[in-house]
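The next block holds one structure in the form of C-alpha cells; read it before the comments.
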Protein chains: 2
Amino acid sequence: MSDNGTPAQPLYRQIAEQIAEEIESGIRPVNSKLPSERELAEELGISRMTARAAINTLVLQGLVVRRGRIGAYVSRPKFRFDLSSPRGLHEQLKKAGVEPGAKIISAEKVLGNSVGNEIMNALAMGEQDEVYRIIRLRTANDEPIVIENSYFPAKIFPDLLDFNLTDSIYGILKKYFSITPAGSIQEMEISYLDSQWAELMGVTADLPTLEVKRYTVAEDNTPIEFAHDIYRGDRITFIARTGPTLNLGT
Amino acid sequence: MSDNGTPAQPLYRQIAEQIAEEIESGIRPVNSKLPSERELAEELGISRMTARAAINTLVLQGLVVRRGRIGAYVSRPKFRFDLSSPRGLHEQLKKAGVEPGAKIISAEKVLGNSVGNEIMNALAMGEQDEVYRIIRLRTANDEPIVIENSYFPAKIFPDLLDFNLTDSIYGILKKYFSITPAGSIQEMEISYLDSQWAELMGVTADLPTLEVKRYTVAEDNTPIEFAHDIYRGDRITFIARTGPTLNLGT
DNA sequence: AAGTGGTCTAGACCACCAT
DNA sequence: TGGTGGTCTAGACCACTTC
C-alpha cells in the first residue's frame with residue numbers, strides 16, 4: 001500500500017490504459033484510427049512489440065477492433081443480446097436501432113453419421129437419418145456478430161432448404177410446418193475464435209467468443225433443432241434472466 | 001477451406017496444436033508439467049518468444065494453467081456451473097464430487113456514496129444509506145474459481161457481518177432474517193481479469209472471465225442483493241436454461 | 001544459486017492492401 | 001511502391017520460487 005497509482009504495472013499495460021482513457025473520454029472517437037504500431041512505438045520511445053502488446057490488450061477488451069492489415073480502430077459500444085428473451089437476435093437488434101443482417105454460408109442435407117453423435121443424440125436421431133445443416137453468418141450494422149450452426153431433422157421439416165433461409169427460420173417452422181419452438185436449453189462456454197471461424201467472420205483469430213449450444217424442443221417435447229452458435233464476445237454483452245421463482249441457498 | 005492440412009498456419013499455432021493433441025490423447029496427463037519455455041524453444045529449434053506464444057494460446061484455450069513463475073501445467077477438465085439452477089455454486093460443485101471452498105477477502109459496512117450509483121440504484125437506496133460490501137473468493141478443489149462482490153442493504157440485514165460469511169449467505173438471510181431470495185436478473189459479459197483481481201485469485205492477468213451482475217429481490221420484490229461476480233472462463237463451462245416450458249429428457 | 005515466467009528491445013521477413 | 005499488421009529471432013534484465 002505504500003506506493004500506488006502505477007505500482008509496477010508493465011509498460012504495455014500502462015499504455016493500454018492511457019489509450020483506453022482517451023477512448024472513454026472521447027479524445028479518440030468511435031471509428032477513429034489508432035496510430036500504427038510503428039508510429040506508436042516511435043512516439044513513445046518503445047519497441048514495436050510493446051506497442052503491439054498494448055493494442056492487443058485493447059482488442060481483447062473490446063475497445064478496439066483490428067481491420068485486416070489496415071489498422072486498429074476504436075470500436076462502437078457493444079451490442080446487447082438477451083439470451084433468455086423470447087425475441088430472437090434479429091428482433092432485439094432492430095428494436096435497439098441496429099440494422100440486422102444474415103448471410104447463408106452453407107445449407108445442405110447430410111447423413112447423421114457425418115455430423116457426429118453429439119448432434120444426432122440431441123435430435124434423438126440415428127446415424128442413418130438425414131438432417132439439414134445450415135450455417136449462417138449474422139451481422140449488426142454490417143459487423144459480423146455470430147455464426148449460427150443449426151441442425152434440423154429432415155423428416156420433420158421436408159424441403160426446408162427450399163425456403164428463404166435468410167429470414168427467420170423459426171418463422172418458417174411455424175408458418176409452413178405448424179411447429180412452434182416451445183423451450184430450449186442453452187449451454188454456454190467461453191472460448192476463442194479458431195482460424196477457420198475467424199476467417200468466415202473476417203476478423204482476427206483468438207478473439208473471445210461465447211459458444212452457445214442450444215437444444216430446442218417443440219410443444220410435445222420433440223427435439224426440433226440443435227444449434228451451435230459462436231458469438232463474438234468482444235462486441236456483445238449478454239443478458240440472462242433466471243426464473244421467476246428461484247430458491248437459491250446452498 | 002480452399003487449401004488444406006497445415007495451410008500457412010503460424011508456427012506458434014502449429015506447436016500449440018501439437019501440444020493440444022498430446023494433451024487430448026493422454027500423452028500429457030492432467031497436472032503434468034509442460035516443458036519450460038526455454039526447454040521448448042531449444043527442443044524445437046525456435047525462439048523462446050515463439051514457444052511462449054504457443055503456451056499462451058493453450059492457456060487462453062483453458063487446456064493449460066500457469067502456476068505463478070513455476071511452470072505451466074495441463075489443467076483438469078472444466079467445472080460446470082448452471083447459472084439458472086436454483087442450486088448455488090457450492091451445492092453444484094459438491095454434487096459433482098468437487099470440494100468447494102470460500103475465503104473472505106473483505107467484509108465491511110460502507111456508505112452508499114462510496115460504492116457508486118449503479119450499485120445503490122440496484123438496491124433502491126440513496127447515497128446516505130449504508131450497505132455491507134462482502135468480497136469472497138471461492139474455490140473448487142482449491143483452484144480459485146470466482147470472486148464474488150456482494151452488496152446488501154444494511155437496514156434490511158443489521159449486523160450481517162457478525163455471522164460466519166464463509167457459509168452460504170443466502171442461508172443466513174433465510175435463517176436469521178426470514179428473507180428468501182425469490183428471483184434475480186443476471187447480466188453477463190465476457191471480459192478479462194485485470195491485474196488486481198488476477199492477483200487476488202493468484203493467477204495470471206488477462207485470463208478470460210465471465211462477469212455476472214446479479215440483481216436479487218425478495219418475495220415482495222424488494223432488492224436485497226446486488227452482486228458482481230467474476231468467474232474464470234478458462235476453468236468453467238456455464239449452463240443457462242431458457243424458455244417457458246422446459247422438460248428435456250436428459 | 002539456479003531456474004522460471006514476465007517483460008522489453010531492436011532488429012527482420014512476409015503477405016496484403018491502398019495508391 | 002510504401003505502409004500495415006503478423007510473425008519470428010536472439011538476445012537481455014527482473015522478481016520470484018525452489019533448492
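What's counted below: heavy atoms across the whole structure, side chains too, no hydrogens, waters or symmetry copies. Proteins come first, then strands; the chains are lettered A, B, ... in the order of their sequence lines, and each starts at number 1.
The side chain to side chain contact (heavy atoms under 4.5 Å, CB included) search around A:Ser47 returns A:Met49, A:Thr50, not counting sequence neighbours. Shown here are the side-chain hydrogen bond (donor to acceptor under 3.5 Å, both in side chains) partners of B:Arg67, two or more places apart in sequence or in another chain: B:Asn31. Under the rule for a side chain to side chain contact (heavy atoms under 4.5 Å, CB included), the partners of A:Gln61 that lie at least two apart in sequence or sit in another chain are A:Thr57, A:Leu58, A:Leu63. Under the side chain to side chain contact (heavy atoms under 4.5 Å, CB included) criterion, B:Asp142 pairs with no residue at all, not counting sequence neighbours. In this structure, the side chain to side chain contact (heavy atoms under 4.5 Å, CB included) partners of A:Glu211, at least two apart in sequence or on a different chain, are A:Ser191, A:Thr209, A:His228, A:Ile230. With sequence neighbours excluded, the residues forming a ring pair (Phe, Tyr, Trp, His ring centres under 6.0 Å) with A:Tyr231 are A:Phe81, A:Phe238, listed by chain and number.
Within residues 55-64 of chain B, no residue has any heavy atom under 4.0 Å from DNA chain C.
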Its contact letters, B for base, S for sugar-phosphate only and - for none at protein heavy atoms under 4.0 Å, make nucleotides 13-19 of chain D read --BSSS-
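B:Arg13 has its CZ atom 11 Å from the C1' atom of D:dT7, to the nearest Å. In this structure, B:Arg67 places its CZ atom 19 Å from C1' of C:dG6, rounding to the nearest Å. A straight line from CG of B:Asp206 to C1' of C:dT7 spans 13 Å, rounded to a whole angstrom. Whole-Å rounding puts the A:Tyr73 OH to D:dT4 P distance at 11 Å. Taking atom CZ of residue A:Arg52 and atom P of nucleotide D:dG6, one finds them 4 Å apart after rounding to whole Å. Look at CD on A:Gln14: it is 12 Å from P on C:dT7, rounded to the nearest Å.
Using a 4.0 Å heavy-atom cutoff across all strands shown, B:Arg66 reaches sugar-phosphate atoms only and no base atom.
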Could you list the donor-acceptor pairs under 3.5 angstrom formed by side chains in residues 93-106 of chain B, with sequence neighbours left out?
none

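In terms of position along DNA chain C, the nucleotide closest to B:Glu37 lies nearer the 5' end than the nucleotide closest to the other residue of the pair B:Glu37 and B:Met49.
Distance check, rounded to the nearest 0.5 Å: CZ of B:Arg133 to CD of B:Glu108 gives 6.5 Å. Atom-to-atom distance recorded for A:Arg87:CZ and A:Leu89:CG is 13.0 Å, nearest 0.5 angstrom.
The side chain of A:Tyr12 places an N or O atom within less than 4.0 Å of a non-bridging phosphate oxygen (OP1 or OP2) of C:dT7. For D:dG3, the OP1/OP2 oxygens have no side-chain nitrogen or oxygen of A:Ser36 closer than 4.0 Å. Distances shown here put a side-chain N or O of B:Thr50 below 4.0 Å from the OP1 or OP2 atom of D:dT9.
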